[in-house]
Amino acid sequence: MTLKKEHAERWRNSDILFHPVGIVHSEHTEHDNTPIQGIFNPCRGYVELYPEYEPGLCDMESFTYLYLLYYFDRATARNLLQKPFLDGEKDRGIFAIRHFNRPNPLGLSIVRLLRRCGNILEVSGVDILDGTPVIDIMSYVRQVDHRDDVKSGWVDDQHMDDIAAWNSTPKELRNRTRTRT
């Protein structure tokens, strides 16, 4: 399969501009001490939407989980190969991992919505640095987002039960000895 040349060339060197809709407030201030995935750590935080976006939160409180799309404003590089936090021994393709040093530094997290108060969303499972700009918020819909027939590539070989029991931050994961199956 090949891309149509006119589509490929149209966007190849184009800029795409987004404006933040809000900011994440969390206890996390350093990459090294921030959980690598929210599922491993129940940290609470807040998403503060700018007031002009508050009408977009109508009906949000009826959902349990949300997707947060955000800008890794403190990414330190733009890599195509990177050692993932879950396996610090081997470089992996950046599109096969969830590291912040991406060609386009966009992050995606699933957080649990605890409550809404006006333009503020209280959430748990926060794995995002304090002050990170939020690009978009979307509701998690089990009926269309959940999949049963999933392969998770190299992650399937990791000892996720062990990792979940640790304080799963980059700093802690580097200090752990892992057993391969």
Side-chain angles (χ1 to χ4, degrees), residues 16 18-50 53-54 56-57 59-79 82-88 92-117 119-147 150 152-156 158 160 163-173:
I16 299 172
F18 293 103
H19 296 280
V21 297
I23 299 292
V24 172
H25 300 283
S26 76
E27 64 187 67
H28 311 301
T29 58
E30 300 173 356
H31 284 134
D32 244 14
N33 295 315
T34 300
I36 60 164
Q37 293 293 321
I39 197 167
F40 296 137
N41 200 316
C43 296
R44 288 184 175 211
Y46 300 89
V47 178
E48 178 182 7
L49 263 66
Y50 297 123
Y53 294 105
E54 183 178 345
L57 294 175
D59 300 318
M60 186 61 74
E61 51 276 339
S62 64
F63 291 89
T64 305
Y65 290 97
L66 309 174
Y67 290 108
L68 298 181
L69 182 63
Y70 48 93
Y71 175 60
F72 284 123
D73 61 313
R74 284 159 274 183
T76 55
R78 302 283 197 276
N79 299 330
Q82 179 78 41
K83 286 181 177 56
F85 298 122
L86 291 178
D87 178 8
R92 307 276 182 183
I94 197 70
F95 302 123
I97 67 175
R98 295 184 175 187
H99 199 280
F100 48 81
N101 286 339
R102 316 181 68 73
N104 291 305
L106 294 174
L108 176 68
S109 292
I110 297 175
V111 296
R112 184 178 187 98
L113 177 61
L114 302 174
R115 72 185 183 108
R116 173 187 167 208
C117 184
N119 65 322
I120 307 288
L121 301 173
E122 183 180 352
V123 295
S124 66
V126 178
D127 59 347
I128 306 167
L129 288 170
D130 184 57
T132 296
V134 176
I135 303 302
D136 207 343
I137 300 171
M138 297 175 199
S139 55
Y140 178 93
V141 179
R142 179 185 46 82
Q143 295 88 334
V144 296
D145 293 337
H146 177 79
R147 305 290 189 276
V150 175
S152 296
W154 64 270
V155 180
D156 286 339
Q158 303 303 306
M160 298 304 282
I163 292 168
W166 304 336
N167 178 8
S168 296
T169 65
K171 181 179 180 181
E172 289 297 319
L173 288 170

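What's counted below: heavy atoms across the whole structure, side chains too, no hydrogens, waters or symmetry copies. Values in this document were obtained by computation on a predicted structure and should not be read as measured data.
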Do L49 and V134 come close enough that some side-chain heavy atom pair is under 4.5 Å?
no

What are the two closest non-hydrogen atoms of G131 and R74, and how far apart are they?
C-NH2, 3.6 Å

Close side-chain approach of L121 and I137, heavy atoms under 4.5 Å:
yes

If I compare all heavy atoms of T76 with all of F100, which pair ends up nearest, and what's the gap?
OG1-CE1, 4.1 Å

Donor-acceptor pair, side chain of D136 and main chain of L69, under 3.5 angstrom:
no

What are the two closest non-hydrogen atoms of F95 and P103, and how far apart are they?
CZ-CG, 4.0 Å

Residues which pass salt bridge (charged side-chain N to carboxylate O under 4.0 Å, His left out) with R116, listed by chain and number, not counting sequence neighbours
E54, E61

Between atom CD of Q82 and atom CD1 of I97, what is the distance when rounded to the nearest 0.5 Å?
5.5 Å

Please state whether the rings of Y140 and Y65 are parallel, tilted or perpendicular, taking 30° and 60° as the class boundaries.
perpendicular

Using every non-hydrogen atom in the two residues, find where H25 and E48 come nearest and quote the distance to one decimal.
NE2-OE1, 2.7 Å

If we only count heavy atoms from C-beta on, is the E27 to C43 side-chain gap below 4.5 Å?
yes

Residue Y67 excluded, over 12 heavy atoms near OH under 6.0 Å:
yes

Rounded to the nearest 0.5 Å, how far apart are NE2 of H28 and CG of D130?
9.5 Å

One should read off an interatomic distance between T29 OG1 and L129 CG, to the nearest 0.5 angstrom, of 7.5 Å

How many angstroms lie between CZ in R115 and OH in Y46, if you round to the nearest 0.5 Å?
6.5 Å

Nearest-0.5 Å distance that lies between atom CD1 in I94 and atom CG in N104
11.0 Å

Is the side chain of S26 donor-acceptor paired with the backbone N or O of I128 at a distance under 3.5 Å, no angle test?
yes

Nearest heavy-atom contact between T132 and Y71 is CG2-O, 3.3 Å

Which heavy-atom pair separates A75 from P105 by the least distance, and what is that distance?
CB-CB, 4.1 Å

Is it the case that the ring center of Y70 lies less than 6.0 angstrom away from the ring center of F72?
yes

Out of curiosity, L108 CG to L68 CG, how far, rounded to the nearest 0.5 Å?
8.0 Å

